[in-house]
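A quick write-up on the structure given underneath.
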Amino acid sequence: MKYREYKGISYAALADDILQYWKDNKIFEKSVDSREGNPSFTFFEGPPSANGTPGIHHVMARAVKDIFCRYKTLQGFQVKRKGGWDTHGLPVELQVEKELGITKEDIGTKISVEEYNRKCREAVMKFKDQWDDLTEKMGYWVDLDNPYITFERDYMESLWYLLKQLYDKGLLYKGYTIQPYSPAAGTGLSSHELNQPGCYRDVKDTSITAQFKVVRNERSEPLFANAQGDVFFIAWTTTPWTLPANNSLAVGKNINYVAVKSFNQYTFEPITVVLAKDRVSGYFNKKAEGIALSDYKPGDKLIPFEIAGEFRGSELVGLDYEQLMPYIPLEKPAFTVLEGDFVTTEDGTGIVHLAQTFGADDYRVSVKHHVPGVFVTDEEGNQAPIVNKQGRFVQEITDFAGMPVKNYAGEDESDAEYRSTDVKIAIKLKEENRAFKVEKYEHSYPHCWRTDMPILYYPLESWFIKTTAMKDRLVELNKTINWKPKSTGEGRFGNWLENLVDWNLSRSRYWGTPLPIWRSEDKKEEKCIGSVAELKAEVEKAIAAGFEQKPIDADFDLHRPFVDDVILVSDSGQPMRRESDLIDVWFDSGAMPYAQWHYPFENQDVFKNNFPADFIAEGVDQTRGWFFTLHAIAGLLFDNVAYKNVIANGLVLDKNGNKMSKRLGNAVDPFKTLAEYGPDATRWYMISNANPWDNLKFNIEGVQEVQRRFFGTLQNTYNFFALYANLDGFTFSEEEIPMAERTESDRWIISKLNSLVVEVERAYDEYEPTRAARAIMDFTTDDLSNWYVRLNRKRFWRGEYNADKQAAYQTLYTCLLTIAKLGSPIAPFYMDHLYRDLNGVSGKEEADSVHLGQFPVADEGRIDAQLEAKMDKAQLVSSLVHSLRKKDMLKVRQPLSRILIPILNPETREQIEAVEDLILSEVNIKAIEYIDDTSGILVKKIKPNFPRLGKQYGPKMKEISKAVAQFGQEDIAEIERQGQKTIELSDGQVILTREDVDITSEDIPGWSVASENGLTVALDVTLTDELRQEGIARDLVNRIQNLRKDMGLEVQDKIKIAVERGDELVEAALEANHDYICAETQALSLELQEEVADATELEMDELKLRVKISV
RNA sequence: GGGCUUGUAGCUCAGGUGGUUAGAGCGCUACACUGAUAAUGUAGAGGUCCGUGGUUCGAGUCCACGCAGGCCCA
């Protein structure tokens, strides 16, 4: 049996073949099944949504997932990977609406909810085929035959179960949150909707800086010292309509404030106002500086002002003020000054007006300080804000009752009589001496994408999961998770947990999992349904009570509108209707550990064995998405983490670092890339180029480079092996040659190989695939190909098939096979191909695929650090000699007599001596001479040992370093001889020992030398006749080899050589090196003739030679 | 505005715990090699280590403040 030999190789075609092989032989299935009974390694697939097409970044994300699943499989774990599809949510709805040319308003009129949801269900799998195709082609092994699908009834039933668990624990509640709300459309808006183009618009609004009158008491007394008139806090708002809802003010505790005596520009009354010191220039005209307060006359344009006092924000906290627009009285601690971390002095006054009901920050701070908000009681007896859902003031706001806070009534704004409600409020405040400044202000404000009307931030009822109740536990659990990179876990995710707010579950939509909560009309009774069976039972009760006609079907769909039609009966006999909300789709995906197995209704054992996950990986944008929802549900309901290790990978950008987008046309087509370069080079490039968590600038040239440099080199090395192994019939059938009987370079590459196994295993274990890939790559190109193979080429093609040759074959075979195993998680196709090409002949392993075998185990006994150090020296010396040859224009083919190496310690000499032969043949030199001190010709260099001396002498280093730099050869000799030397510093003596300095030899007078890393080499460039002849012989061999090749001769063909007499030197060279030439060129004879017919004229530097070779 | 993150050669990236000549690959230039050959080797040029301060005898590395890019969130 022969190793396959390749002329050209198409990596993409190769991958196709391997893919077919995997399919035909069910290799993936076997890789899982064959580990039955072994410990499991659990991986959770974060479900993609198949309503869009996959991009190149998915190749990246999935390569990361695949690598560790394959790696753990090789280590003997059973790694089940259930695929999944995320199917619910707004993007699907929007896509359907776009296709049908409808809007949300048309649902229920132009199209029924049932029909709409059917369209969504169809749309969601629109590109499933493309996804499956990509999965397959890129070699991502995941079970696509039995995926979990979030819209399936079993999946949704598990969600209901989990929701009920939360409900029963008191962790599911209905409350308020401040959300973008469109009164014109009568609906809340998601941030996604708000971010649609055109939603934020520059508008001119009436802004008011209002005066909040300070209550004079003991605490506020300092503000009144030196004041005139009433004292006010002034605060700025661009939404004056929120002022009747003001319930507190906020200041920054480290901001400096001043009290300023001045006059109100509308009423001309003397006043004292408090604002941030940095903002004074924004509110008072500099030109008025120096005008005395007493000179002010009502109506003056320039209003004088005078600083009356300065205060820290912290001194203002806790002071009381009078309600600005007292329509609704409030209990204390309303109308006091609070501290707010969001307060700045960028604009406004450095004092912020808060209205709990109309701002998210406002709400948060108010709740935190237990400040009551401004509410009224509506007809149903519930608390309601002072603006109703139509965007109009309620009756209680008497002066403005019924007025729309923005122009929702569609009044003609160009009418001279038109006054916006904001303006009306401003007028009222002006009249009351409560408006310090009113002006138009242009700013960017969000608008409803459907009605084009400005939105309000408005309190809306929502269902929440009380994640804050378990915050500390969630933080604690997070600390046990191994995050890659660490900073995402500690920073982005950790901070997010520290500042956790309750999880708003409600979505007012159609295509998603309905909230399984039914409520009576008076909202006093409710039931949370946790399973289909429970629903069935409740429906039976409802039938008995006469609210329902018939029991629900066995295949009852849990989606809208079907669940909406179900009326249940409360314990007291009231009808109950379902709360109309759907739940956040993030709950769908965060619940996948349970719902994918239809837990707890089925598969309880499977679940127990596969929770929590050992490993997950998704984009860093999932930090507050999937990573969080997994963590929250697991923490709240199972008091556990959902995953132990997580990689948060970065973005894939285009080669210029810009985000890829289909619109800009810089998106890379994954299918095209895979088809052109194959999956292996693509994956290897992505993994080796940057850590997964760093952004990747995807450059197709990088893929080409990986293909050429890594896969090309590896394949070349294999080809080389295959060529000669086939000639010699090496199939690794004989016993392994003991290491002791192998050559130094064999043992060296085996040592390096085992070091590599250790390094790669550690890298994979630490979820550092980039380190693994780079290590494999470096070993393959530098150590194996560029050093081991290059140095040992002759062993493969010269001489008979003996033990030494076997050793070489075995060594190279082992390296190649091990690379195949180590690299298989990253380049699954190519490495399997390589593995099967090798193992297919040797049959040494039983596995039919590299993915069914075992990960290599390092034999630490074969790691020889000494030997590796020696070889480092050989490479160093060779490189230095090459450098010298280059400098003197002496080509490697010209042998030289000797190199000199100054030796300052015996260890270096031993190391070099051990690899002397390698060096000599590599650089074509006859001998190495070691020069030690006794020669007396070395010029030495001395340098302080900084780390050592620095610790001891610290500040004296500068002086010491100066002193040492001035050492002459004598001084160096002294310290070497006596082991120490005393130097004089300005403030005393310092004794330097031999260890305190580094002594190197960097020069041999009269020689051309090269130095690196403390090693110096000098080259003897004297050319004797003998050397010159040998050089000629080598040149001739080279030319004859070329002729052989040109003639198309096979490696083993024998030839005869005839050379025409001419040059004496050449003749002498041929005679002296006759045997050498014949051996190298497989020549049976080498003859000098007076005249050679049909000869080829060879040019060798300045020589010309007529030669003929014949078979 | 906040949190996190990145910034080192033309490009892509390495640079434990601070230590005096800052590295690799690609690209470029030159040379060499020629039975691994549509390969390979060697050398050279190329650096304001984002900036400014600070700590230190000594900073690419530590600290502070900025600048620029990115992500997430307001």
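Note: hydrogens, waters and symmetry copies are ignored here, and every other heavy atom, side chains too, is used. Chain A is the first sequence line, chain B the second, and so forth, proteins listed ahead of strands; every chain is numbered from 1.
- Counting to the nearest Å, the P atom of B:G41 and the CG atom of A:N924 are 19 Å from each other.
- A straight line from CZ of A:F698 to P of B:C13 spans 13 Å, rounded to a whole angstrom.
- Distance from the side chain of A:R1044 is smallest for B:G35 among the nucleotides B:G35, B:A14, B:A36.
- Remark: the separation of the C1' atoms in B:U52 and B:A45 is 32 Å, to the nearest Å.
- In this structure, B:C65 and B:G51 make a Watson-Crick or G-U wobble pair, each of the two defining distances being under 3.5 angstrom.
- Taken residue by residue, residues 488-504 of chain A places heavy atoms nearer than 4.0 Å to RNA chain B at A:G491, A:R492, A:N495.
- The ring pair (Phe, Tyr, Trp, His ring centres under 6.0 Å) test applied to A:Y788 returns no partner, not counting sequence neighbours.
- Of the side-chain N and O atoms in A:S879, one or more sit less than 4.0 angstrom from OP1 or OP2 of B:A43.
- If A:W693 and A:T623 are placed on RNA chain B by their nearest nucleotide, the residue sitting closer to the 5' end is A:W693.
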Quick one: side chains of residues 702-713 of chain A, donor-acceptor pairs under 3.5 Å with protein atoms, not counting sequence neighbours, listed by atom name and distance.
| residue | atom | partner | partner atom | Å |
| --- | --- | --- | --- | --- |
| A:Q704 | NE2 | A:Y677 | OH | 2.7 |
| A:Q707 | NE2 | A:Y677 | O | 3.2 |
| A:T713 | OG1 | A:R709 | O | 2.4 |

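- Residue A:L880 contributes atom CG, which lies 9 Å from atom P of B:A43 at whole-angstrom precision.
- In this structure, B:A24 and B:U12 make a Watson-Crick or G-U wobble pair, each of the two defining distances being under 3.5 angstrom.
- Residue-level contact check: A:G702 touches neither bases nor backbone, having no heavy atom under 4.0 Å from any strand.
- The side chain of A:K958 sits closest to B:C57 out of B:G19, B:A36, B:C57.
- By the salt bridge (Lys or Arg N to Asp or Glu O under 4.0 Å) test, A:K805 is found to be paired with A:D728, residues two or more places apart in sequence or in another chain being considered.
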Tabulated below should be each protein N or O lying under 3.5 Å from an N or O of nucleotides 22-30 of chain B; please produce it.
| residue | atom | partner | partner atom | Å |
| --- | --- | --- | --- | --- |
| B:G25 | O2' | A:E705 | OE2 | 3.1 |
| B:C26 | OP1 | A:R709 | NH1 | 3.3 |
| B:C26 | O4' | A:E705 | OE2 | 3.2 |
| B:C26 | O2' | A:E705 | OE1 | 3.4 |
| B:G27 | OP1 | A:R708 | NH2 | 3.4 |

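- Note: CG (A:L714) to P (B:U40) measures 13 Å, nearest angstrom.
- Counting only heavy atoms from C-beta on, A:M957 has its side chain closest to B:G19 among B:A14, B:U12, B:G19.
- Residue A:S785 places a side-chain atom within donor-acceptor reach of the base of B:A36, judged by atom type and a 3.5 Å distance cut-off alone.
- The CD1 atom of A:I255 sits 9.5 Å away from the CD1 atom of A:I351 when rounded to the nearest 0.5 Å.
- Residues satisfying the side-chain hydrogen bond (donor to acceptor under 3.5 Å, both in side chains) criterion with A:D996, sequence neighbours excluded, are A:R948, A:T993.
- Nucleic acid contact class of A:N691 (heavy atoms, under 4.0 Å, all strands): sugar-phosphate only.
- Heavy-atom minimum distance, A:L816 versus A:L834: O-CD2, 3.9 Å.
- Comparing B:C13, B:C73, B:C71 by their nearest atom to the side chain of A:N689 picks out B:C13.
- Nucleotide B:A30 forms a Watson-Crick or G-U wobble pair with B:U42, both donor-acceptor distances falling under 3.5 Å.
- Distances shorter than 4.0 Å separate none of the side-chain N or O atoms of A:N695 from OP1 or OP2 on B:C71.
- Taking atom CD of residue A:Q875 and atom P of nucleotide B:G41, one finds them 12 Å apart after rounding to whole Å.
- Nucleotides B:C50 and B:U61 are separated by 8 Å at their P atoms, to the nearest Å.
- Taking the P atom of each, B:A64 and B:G27 are spaced 41 Å apart, rounded to whole Å.
- No engagement by A:R948 is indicated, since no non-hydrogen atom pair under 4.0 Å with the nucleic acid exists.
- Applying the side-chain hydrogen bond (donor to acceptor under 3.5 Å, both in side chains) test to A:D872 and every residue at least two apart in sequence or in another chain returns nothing.
- Considering only side-chain N and O atoms, A:S487 lies under 4.0 angstrom from the phosphate OP1 or OP2 of B:U5.
- A:L791 places its CG atom 13 Å from the P atom of B:G41, with the value rounded to the nearest Å.
- Base pairing annotation: B:A36 forms no Watson-Crick or G-U wobble pair, as no partner gives both donor-acceptor distances under 3.5 Å.
- With sequence neighbours excluded, the residues that form a side-chain contact (heavy atoms from CB on, under 4.5 Å) with A:D783 are A:W748, A:I749, A:K752, A:F779.
- In this structure A:K484 satisfies the salt bridge (Lys or Arg N to Asp or Glu O under 4.0 Å) test together with A:E768, sequence neighbours excluded.
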Check: protein-nucleotides 59-65 of chain B nitrogen or oxygen pairs below 3.5 Å:
none

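- When Watson-Crick and G-U wobble pairs are counted only if both distances are under 3.5 Å, B:C4 pairs with B:G70.
- Distances shown here put a side-chain N or O of A:K697 below 4.0 Å from the OP1 or OP2 atom of B:U12.
- Looking at every heavy atom in both residues, A:I1077 comes nearest to A:A1033 through CD1-CB, 4.0 Å.
- Pair assignment for B:A59 gives none, since no Watson-Crick or G-U wobble pairing has each distance under 3.5 Å.
- In this structure, the CG atom of A:L696 is 20 Å from the P atom of B:U5, given to the nearest Å.
- Toward the 5′ end of RNA chain B lies the nearest nucleotide of A:Y953, the other residue of the pair A:L653 and A:Y953 mapping further downstream.
- When the P atom of B:A14 is taken as reference, atom CE of A:M777 falls 12 Å away, rounded to whole Å.
- If you check B:A36, B:G35, B:C13 against the side chain of A:Q1041, the one that comes closest is B:G35.
- When only modelled atom types and interatomic distance are considered, A:W503 and A:D584 share a side-chain donor-acceptor pair under 3.5 Å.
- With sequence neighbours excluded, the residues forming a salt bridge (Lys or Arg N to Asp or Glu O under 4.0 Å) with A:K486 are A:E490, listed by chain and number.
- Between A:R1039 and A:D1035 there is a salt bridge, with a side-chain nitrogen of the basic residue lying less than 4.0 Å from a carboxylate oxygen of the acidic one.
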Side-chain atoms of residues 617-631 of chain A: list all donor-acceptor pairs with protein atoms under 3.5 Å, sequence neighbours left out, distances to 0.1 Å.
| residue | atom | partner | partner atom | Å |
| --- | --- | --- | --- | --- |
| A:E618 | OE2 | A:G46 | N | 3.2 |
| A:E618 | OE2 | A:K65 | NZ | 2.9 |
| A:Q622 | OE1 | A:W626 | N | 3.1 |
| A:T623 | OG1 | A:V620 | O | 2.4 |
| A:W626 | NE1 | A:S589 | O | 2.9 |
| A:T629 | OG1 | A:W586 | O | 3.2 |
| A:T629 | OG1 | A:G625 | O | 3.4 |
| A:T629 | OG1 | A:W626 | O | 3.3 |
| A:H631 | NE2 | A:L474 | O | 2.9 |

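- Remark: the separation of the C1' atoms in B:A24 and B:C63 is 31 Å, to the nearest Å.
- Scanning all heavy atoms of the two residues, the minimum distance from A:L723 to A:E5 falls at CD1-OE1, 3.9 Å.
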